[in-house]
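So you know, we letter chains A, B, ... as the sequences are listed, proteins then strands, and number each from 1. Everything numeric in this text was worked out from a predicted model, so none of it was measured.
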Amino acid sequence: MEPKIKSACETCPQFNAEGLKKLGIKTDNVDFVVALAGNPNTGKSTVFNSLTGLRQHTGNWPGKTVTRAEGGFEYNSQKFKLVDLPGTYSLLSTSEDEAAARDFILFGKPNVTVIVADANRLERNLNLVLQILEITDKAVLCLNLMDEAKRNYIKIDERTLARDLGIPVVPTSARFNQGIPELIHTISEIANGNIICKPHRIKNVPSNIEHAVKTLSIEIEKEFPNIPNSRWIAFRLLEGDTQIINALKSGELV
Amino acid sequence: MANKNIDHILELSNELRWQIGDDFHDNLTEGIYADAAQIVSDTVQVDNSKKRFRLDRQIDKVVTSKTFGFPIMFLILATVLWLTIIGANYPSSLLAELLLDNLHPMLKSGATAIGLPWWLDGFLIDGVYLAVAWVIAVMLPPMAIFFPLFTLLEDFGYLPRVAFNLDNLFKKSGAHGKQALTMSMGFGCNAAGVVATRIIDSPRERLIAIITNNFSLCNGRWPTQILIATIFIGAVVPESFSSLASLLAVIGIAVLGMAFMFGVSWALSRTVLKGEVSTFNLELPPYRPPRFWKTIYTSLIDRTLIVLWRAIVFAAPAGAVIWLISNIYIGNESIAAWAINSLDGFGFLLGLNGVILLAYVVAIPANEIVIPTILMLTVLVTGIDGGAGAGVMFELDSMHATAAILKAGGWTLLTAINLMLFSLLHNPCSTTIYTIYKETKSAKWTVFASVMPVVLGFVVTFLVAQIWRIIF
């Protein structure tokens, strides 16, 4: 095998190389659970591999990850379990993949959700990002395929993007292991509560809908004071999503 | 916290749903897109003045074009096969020399030295060890070439283009266009292809993809095809064309398999699995230059060694069984000889023989050991010299020696062609059968997927044999 490529950060003394241990599939007694979500073919499995040291099969075609892969890493003596979800474009329809991804973020209650996005197709990828941000407020955007974006002369202002989305944004080229150390550090900061996210909430909705959502989410919060995603549940209730209604009844959502 | 009282929330939501009207879903989706567009316009800059020559689009224009799409596909398939056939030859014979010609006699003399009884020595070294060694020698080199080449194509992004090209054919046969992807996976390993069908959402189309995946000639069957084509098909043409002729024969069988895949899909979707063809989106991802060495490394470690290990696990007991049936006698006939004699009549009808049929029964766990089993059993029946004793699999020094044995066993060009056909059209290996059961959770469909190809194989070889005998 070719020598592992070290990014500049990995060789920097600031980088806590001793603190990082890739655990492969050993994921018992974990401290945190991290979900890996994103559009198909954005390199989720490659990010997964570089975080866990596993060699989950990767391939350049959408829909390649059919089973939920799990792996782990240890950072500063805390154990993280990573779950690679199937790629989806949205969480609003009812296909099996989308349900699997949505259910894990919703019911699996990961401590951090890493949203992998293709930097070359950010606008289309944001569709999913914004939906996930309605569900969870502990997320980081992994802006992957930065090497390709550079070749395509695409420049992204990551700071503004982070401010607009209200979550940390980490540019990466997972294939070359670039940005992965920063990603690990950010995941750990969010998991430990050192970074508090203020996720973007969907703004461009007609005022009558906004009003309905607000009224409903106030009621939901009265009943479930600690719920992080009352707005999203309001969206789902207005759509008549029976699965969410049942989950609310059984208290699974809290 | 069970059973919260949320009736008032539901009531409120029902009431509000009336107020906001029908376009809620569309409004919400539009809202999300508007937000996304706004964010992107604030953060993303594209330098349009430097827009490069869009290589991706140019490549796509050629490889997915109506004129060149199919020829290019076959050319790529042919190149991969050709590299596999040519490249595997040398390491294969090297491994065979090491494991069979050198290590095996050493083990035998070692066994004699420590005084193992003849039956234990035969069972372990001539049965189990030889089967495993054979599988390694025959399978490892072609797999070590085929899998990395396939993975390189996959990483480059070619597979979705194959799906794009074949979509129309799949649609016409009532199947899902993504079946092209599972079919391609099947060329490596049918069990992997069956698992890959999970990318197909519709249960009906997924079932079709599972049932017909066996028509993708898998890695365990390529060596059989290549060997028989080289010996028999290559021999009927002038020598300078022989490798081309055998390559074309192997590709012909692979393409015939695809034709069967379309035909059976068509028949299923018109009869027991009726239904609409579902539409789907398939992104044509950008081409990505694969990271060459990393791909080679991971496909060797992950795919090749895992499949090889599986083959070894199944080959070891099969080797034991072969040795046992050749050495256990009922009356004055070994079980193997008895089975071969009783199967010979049926085999003749199919243009095959009892040896081949018995070999396929023994080789249900792993297709890879079909050829060594056939050789071993042929020697047993014909009683010619060249083997190493009853029930002992062996490697022959050359292709000529293999050909000599098979011809002594009464093989003709018809036997060879029908063996190639039967190797394509027979039951999936036991791993694949088990995988089909795990994926479908249905005994009925598992049995159907296992039996249907054999029946097809019987019918096709029978017809070919009858027509052949009328003509020649």
Against chain B, label H200(A) side chain, backbone, both or neither, depending on which of its atoms sit under 4.5 Å from a heavy atom there. side chain

With a cut-off of 6.0 Å (strictly less than), are more than 12 heavy atoms of other residues, nucleotides or ligands near CD of E239(A)? yes

Trace of the side-chain contact (heavy atoms from CB on, under 4.5 Å) decision for L10(B) with K249(A): CA-CA 10 Å; L10(B) 295 182; K249(A) 273 187 189 150; 4.1 Å; yes

Who wins among I209(A), V205(A), T160(A) for the most heavy-atom pairs under 4.5 Å with chain B? I209(A)

With side-chain contact (heavy atoms from CB on, under 4.5 Å) as the criterion, how do I39(B) and L161(A) come out once you've worked through the C-alpha distance, each side chain's angles and the decisive distance to 0.1 Å? CA-CA 7 Å; I39(B) 292 172; L161(A) 184 62; 3.5 Å; yes

Just give me the residue among L28(B), L153(B), T29(B), D42(B) that pairs up with chain A most often, heavy atom to heavy atom, under 4.5 Å. L28(B)

Quick one: which of L216(A), N208(A), L126(A), I220(A) has the most heavy-atom pairs under 4.5 Å with chain B, could you say? L216(A)

Applying a strict 4.5 Å limit to non-hydrogen atoms, the region of R201(A) in contact with chain B is backbone

In terms of heavy-atom pairs under 4.5 Å with chain B, the winner among A119(A), P206(A), S90(A), A149(A) is P206(A)

Under a 4.5 Å heavy-atom cut-off, does chain A meet the side chain of Q38(B), its backbone, both or neither? side chain

Would you say R17(B)'s side chain and L237(A)'s backbone share a donor-acceptor pair under 3.5 angstrom? yes

CG on L143(A) to OG1 on T43(B), rounded to 0.5 Å: 9.0 Å

Just one of V129(A), L128(A), N127(A) clears the side chain to side chain contact (heavy atoms under 4.5 Å, CB included) bar with I32(B), so which one? N127(A)

Note: K203(A) and D35(B) closest approach over all heavy atoms is N-OD2, 2.7 Å

For the residue pair E148(A) and P286(B), what are the closest heavy atoms and their distance? OE1-CG, 3.8 Å

Measure the spacing between CG of L145(A) and CZ of R288(B) and express it to the nearest 0.5 Å. 4.5 Å

Contact part of R124(A) toward chain B, heavy-atom cut-off under 4.5 Å: side chain, backbone, both or neither? side chain

Proximity breakdown for Q131(A) and chain B, heavy-atom pairs closer than 4.5 Å: side chain

Count the heavy atoms of every other residue, nucleotide or ligand shown that sit under 6.0 Å from NE2 of H211(A), and state whether that count exceeds 12. no

Closest approach of L16(B) to A212(A) (non-hydrogen atoms, all atoms of both residues): CD1-O, 3.5 Å

Closest non-hydrogen contact found for L130(A) with A36(B) is CD1-N, 3.8 Å

S13(B) side, atom OG; I233(A) side, atom CD1 - distance, nearest 0.5 Å: 12.0 Å

Let me confirm one number: the CG-CG distance from L12(B) to L238(A), rounded to the nearest 0.5 Å. 8.5 Å

Given heavy-atom pairs under 4.5 angstrom as the criterion, report whether the side chain, backbone, both or neither of I202(A) touches chain B. both

Separation between NZ (K222(A)) and CD1 (I9(B)), nearest 0.5 Å, reads 9.5 Å

